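Encoded as structure tokens, the structure appears first; notes follow it.
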Amino acid sequence: MKIGLWSDSHNFPNLPIMKLSAYHKSIGDDAELYDHTKHYDLVYASKVFSFSPDIDSVYPVQADEVRKGGTGYCISVINGREVYDKSKDSMLPKEIEHIYPDYSLYPDYSYAVGFLTRGCPRQCGFCVVGKKEGCFSRQVADLDEFWRGQQEIKLLDPNLLACPKHEEILQQLSFCKYSFIDFTQGLDIRLINKDNVYWLNKLKIKNIHFAWDNPRQDLTEHFKTFSELTNVKDVRRKTVYVLTNYNSTIEEDLYRIYTLRDLGYSPYVMIYQKEACDKKHREIQRWVNCKFIFHSVKRFEDYKPNYK
Ligand code: SF4
């Protein structure tokens with residue numbers, strides 16, 4: 001069979017697509033990234049984002065069959081809130097989910113990527129993880145399922161520290177030979193303690209990410225504790241995602257941003273439903289995320305956006 005593989009992921013390899021490619025090649029099919037000028041027996045379309053255009057938005061798909069999957073197909077926006085419909089979602093069959101990904105699909109990326117754990121108990125209102133993967137974090141794979149000596153490892157785990165086995169996992173990671181590891185989805189600062197930071201300190205982490213999404217929760221003490229325990233001292237290597245435009249006022253957004261900066265972290269603003277936010281949210285995002293502006297203009301009130 002001739003298989004076409006499409007995804008809406010840009011600047012990052014799509015993991016389900018790489019696994020589907022590996023599976024089809026293992027049973028003798030031809031698999032390649034989708035080319036709209038060709039005809040395929042079967043096309044897989046994987047969508048991560050609800051707002052991105054679909055595979056057939058510009059050209060009709062030439063294929064005998066098209067199978068669509070991914071969170072992006074299961075979210076609709078109702079009254080300004082994203083609603084996830086699990087009944088529309090489809091998981092990969094076990095034999096494909098646990099196959100070694102076909103990294104050759106994305107020759108521009110040299111890192112290994114995958115999940116060691118799935119699920120999260122937090123149930124944040126803006127996040128689909130609990131509904132999609134379950135409200136408890138558990139180990140789903142060993143590193144060798146998707147890593148064979150690549151220099152860099154990118155983990156996609158939603159909440160690794162919530163997994164009861166996380167110290168064992170961190171310990172195993174500390175024994176592997178790689179150059180850098182990246183917890184792309186961030187670590188849960190509320191679960192940081194002396195024991196797990198001991199193991200985190202043994203890893204080669206380029207940039208550690210956390211999040212401070214809920215303005216009603218004061219995480220100051222947790223961030224102070226981490227700063228005392230970690231050997232990551234450079235502010236540029238300690239990034240904290242700050243969610244705005246979701247149940248927070250501008251004052252609450254600025255409070256989190258100023259507090260994090262004063263504690264020696266680098267805030268990074270994410271806007272919920274960016275398409276529907278007001279101008280001020282975009283201005284705050286630009287002020288914070290353009291680091292040369294953020295470091296030269298200390299207070300948002302003094303920031304003068306330059307509209308052309
Ligand atoms: S802690 Fe993170 S992964 Fe868990 S529900 Fe909240 S946003 Fe999602």
Side-chain angles (χ1 to χ4, degrees), residues 9 12 15-16 47-51 70-77 80-86 89 91 97 113-141 154-167 169-170 181-193 196-197 200 205 207-223 225-226 238-248 252-253 256-257 259-260 265-274 277 281 285 288-289:
S9 307
F12 202 80
L15 190 55
K47 227 155 100 62
V48 179
F49 307 106
S50 56
F51 51 81
T71 311
Y73 287 117
C74 312
I75 290 179
S76 20
V77 178
R81 289 283 184 259
E82 293 176 358
V83 179
Y84 169 75
D85 183 349
K86 193 174 170 66
D89 213 346
M91 300 296 162
E97 176 62 28
V113 59
F115 292 85
L116 294 172
T117 64
R118 295 264 195 179
C120 175
R122 295 285 184 198
Q123 302 191 56
C124 303
F126 54 86
C127 176
V128 305
V129 169
K131 299 176 195 91
K132 187 182 169 85
E133 300 180 3
C135 295
F136 63 101
S137 174
R138 73 277 175 200
Q139 184 167 14
V140 293
K154 288 195 182 286
L155 295 179
L156 305 175
D157 302 43
N159 195 338
L160 178 81
L161 299 186
C163 174
K165 288 176 72 180
H166 75 269
E167 277 186 45
I169 295 172
L170 294 176
I181 193 159
D182 183 359
F183 299 94
T184 62
Q185 305 306 295
L187 294 170
D188 191 334
I189 192 74
R190 296 157 288 192
L191 299 174
I192 282 292
N193 59 44
N196 52 36
V197 178
L200 286 170
I205 300 174
N207 190 330
I208 196 154
H209 302 96
F210 297 103
W212 188 351
D213 295 323
N214 183 351
R216 318 275 182 272
Q217 226 174 7
D218 196 344
L219 303 182
T220 307
E221 290 308 314
H222 297 285
F223 284 111
T225 302
F226 180 73
K238 291 187 289 177
T239 302
V240 183
Y241 300 121
V242 175
L243 185 71
T244 65
N245 198 32
Y246 185 88
N247 290 351
S248 69
E252 287 169 333
D253 298 341
R256 285 176 289 162
I257 291 163
T259 304
L260 288 166
Y265 290 82
S266 182
Y268 190 92
V269 169
M270 313 281 282
I271 305 178
Y272 181 78
Q273 283 282 297
K274 192 168 179 180
C277 74
H281 288 108
Q285 186 182 52
V288 174
N289 295 358

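Any value given below was found using the heavy atoms of this structure, including those in side chains, with hydrogens, waters and symmetry copies removed. Bear in mind that the values here come from a model prediction, so they are computed numbers and not experimental data. Remember, it's 1-based here, ligands and their atoms both numbered in the order they're listed.
At a heavy-atom cutoff of 4.0 Å, ligand 1 is contacted by the backbone of Gln123 but not by its side chain.
Here the side chain of Arg118 pairs no donor or acceptor atom with the backbone of Gly134 at under 3.5 angstrom. Using modelled atom types, one side-chain atom of Asp157 and one backbone atom of Thr117 make a donor-acceptor pair closer than 3.5 Å.
Per-residue contacts place Phe126 under 4.0 angstrom from the following atoms of ligand 1 (heavy atoms of the residue considered): 7 (S).
If you check which protein heavy atom lies closest to atom 6 (Fe) of ligand 1, you get Cys124 SG, 2.3 Å. Among all protein heavy atoms, the one lying closest to atom 8 (Fe) of ligand 1 is Cys127 SG, 2.3 Å. In terms of protein heavy-atom proximity, atom 1 (S) of ligand 1 is nearest to Arg122 CG, 3.4 Å.
With hydrogens and angles left out, the side-chain atoms of Ser137 and Asn159 include no donor and acceptor closer than 3.5 Å. Side-chain atoms of Tyr84 and Asp89 include a donor-acceptor pair closer than 3.5 Å.
Here Cys120 fails the criterion, with no N, O or S atom under 2.8 Å of atom 6 (Fe) of ligand 1.
At least one side-chain heavy atom of Tyr272 sits under 4.5 Å from a side-chain heavy atom of Arg81. By the 4.5 Å heavy-atom criterion applied to side chains, His209 and Thr184 are not counted as neighbours.
Considering only non-hydrogen atoms, atom 3 (S) of ligand 1 lies nearest to Pro158 out of Ala162, Pro158, Ser137, Gly130.
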